[in-house]
Amino acid sequence: MSGRGADSSHISNISLRAAQHMLSIDTAASAHRVPVTAQTKKPPRPTYSEIGTGLIISGAFVAAILGFIIPYWNTGARLSPLDSTVYLQHTTPIIPSGGDHSRHGHNTSLPNITIFATGGTIPGQSISPTNNGNYDLTASAQDLLAAMPEIKTYANIQTRQLSQVLSTDLTQQTLLTLQRAVAAELAKQEVTGVVITHGTDTLEETCFHLELTINTSKPIVCAAATRPATALSADGAANLLQSVVLATAANGRDRGVMIIVNDKISSAFFAAKNPASHANTFYNAEVGTIGYFLDHRPYFYFTPSRAVGAPYLDISSARSLPQVEILYSHPEQNPGLVEAAVQLGAKGIVFAANGDGSVPVGVLKAAEVVQRKGVVVVVTYKVPNGCAVPSGIAIASAHLNPVKARILLRVALARGMDHGRICALFDRLRPDPWTVC
Ligand SMILES: NC(=O)C[C@H](N)C(=O)O
């Protein structure tokens, strides 16, 4: 058997042990379940694990030396002329991992990773291994980790369960709590990176929000699953393990927020969910796939880089976020929807527009009216991929899809930016700005 074949079977063992573990947790539904047998023997330690551990230890050693020699590493954050928005963000000092903790089982030669768990399919326990859609969320992040002891060879891991919901139900309060908690955790010298477990449905929105609002060089990695932990070929265990590996990786720094699903490393700036339930659910607009996992080791196509015009917007003191609604365009759309959205509290409106940004003329006129009252209007595209161009009065989202444009607009409004600044913010997302603001 080749090395890779051996690794694949190792991971399916992890999934099966995860499944066994989940099955043993949920006693209420156990009568309906197909018993899982075999796989009780610990699999032989794979070669990649030893190599990975060795690399991490040497990486930590080199980082520790660099930490003494180069106490502060600043590749030149520059302030926006528009605002205190930082467009390039490499200000965090390089910090040696490790530290003197007294936690039980702490290994000072390993990096420290914190996992923030929010729910989604990844901890899901379905009524049978062939049922992917009907599951409950009674397993915690700790339960997931207990089912995959291999993960402890990569890092000392702490978990924080922030919520246990499907991602469609994630509130802005949880989002803001997550944002502050992740930023606070990464500010700790001994923490090398963080992992967030989350449902796939709105993962791109949460990750994009964190991308805009956390200024760090350290890796922030989002892990999800398209199948519950109890499923045949459950994908969560491997995605979680790889997320932890990436959060510890020296080459995972300075790349913004990343998503790991199906061996693919996606930039949160570009990733979008599609199709809904396939294991390969995240596709990337154009350049969004920045790397991949081979034998559970991360490889990148590029040296660290950030998307053109990627802003950092400090909203650390925000306790709530302004309401921004998305209106889906089509011929004969009722212009009254625009005013209705405003009456219902919208401070911003995003049009998921036809083609590359066209909105029916009546709707555009209605948008002009609310814009005069201070509501900010952004036009995006409803097609899977594209680049929206300015449509009459509206700000164009460039390549940001409707949900990402909504997140950027909401954060900009939370930052207190006015129409002109928000327009310039979006305008910078193109290498060759329109300068329409
Ligand atoms: N695969 C998933 O995680 C989907 C789930 N409905 C969620 O977003 O929470």
Side-chain angles (χ1 to χ4, degrees), residues 11 14-15 18-19 21-22 25-26 29 115-145 147-148 159-179 182 194-211 220-244 257-266 268 271-284 326 401-404 406-407:
I11 285 306
I14 293 174
S15 301
H21 181 78
M22 298 311 166
I25 292 168
D26 186 358
I115 298 180
F116 293 94
T118 65
T121 301
I122 194 164
Q125 301 163 76
S126 65
I127 53 172
S128 85
T130 52
N131 190 322
N132 284 355
N134 187 5
Y135 53 84
D136 61 47
L137 302 180
T138 49
S140 67
Q142 277 293 353
D143 296 327
L144 282 180
L145 291 182
M148 42 192 305
T159 59
R160 280 186 61 191
Q161 193 80 40
L162 291 187
S163 66
Q164 189 69 313
V165 294
L166 295 178
S167 64
T168 197
D169 293 322
L170 201 92
T171 64
Q172 60 165 269
Q173 297 317 329
T174 307
L175 179 66
L176 289 172
T177 302
L178 176 67
Q179 171 204 311
V182 169
V194 305
V195 169
I196 298 157
T197 60
H198 196 289
T200 57
D201 288 350
T202 65
L203 183 64
E204 75 184 88
E205 288 156 76
T206 294
C207 292
F208 189 59
H209 175 94
L210 299 176
E211 167 88 20
I220 301 175
V221 190
C222 298
T226 56
R227 301 179 189 125
T230 46
L232 287 176
S233 298
D235 52 340
N239 294 341
L240 183 56
L241 181 126
Q242 292 182 351
S243 296
V244 168
V257 181
M258 293 168 283
I259 295 174
I260 299 295
V261 170
N262 209 34
D263 291 335
K264 190 158 72 177
I265 306 170
S266 302
K273 182 174 162 81
N274 177 50
S277 57
H278 295 184
N280 191 25
T281 186
F282 282 95
Y283 84 95
N284 295 305
I326 298 175
N401 68 14
V403 294
K404 286 191 165 63
R406 175 177 171 273
I407 300 295

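Counting starts at 1 for both ligands and their atoms, following the listed order.
Distance CG/Leu175 to OG/Ser167: 11.5 Å, rounded to 0.5 Å.
Smallest separation of non-hydrogen atoms from Ser243 and Asn239: OG-O, 2.7 Å. Nearest heavy atoms, Ala229 versus Pro123: CB-C, 4.4 Å.
The side-chain heavy atoms of Ile115 and Leu145, taken from C-beta on, include a pair separated by under 4.5 Å. At least one side-chain heavy atom of Leu170 sits less than 4.5 Å from a side-chain heavy atom of Ser163. Side-chain contact between Phe116 and Val182 is present, with heavy atoms from C-beta onward closer than 4.5 Å.
Ligand 1 lies under 4.0 Å from heavy atoms of Gly120, Thr121, Tyr135, Leu166, Ser167, Gly199, Thr200, Asp201, Ala225, Thr226.
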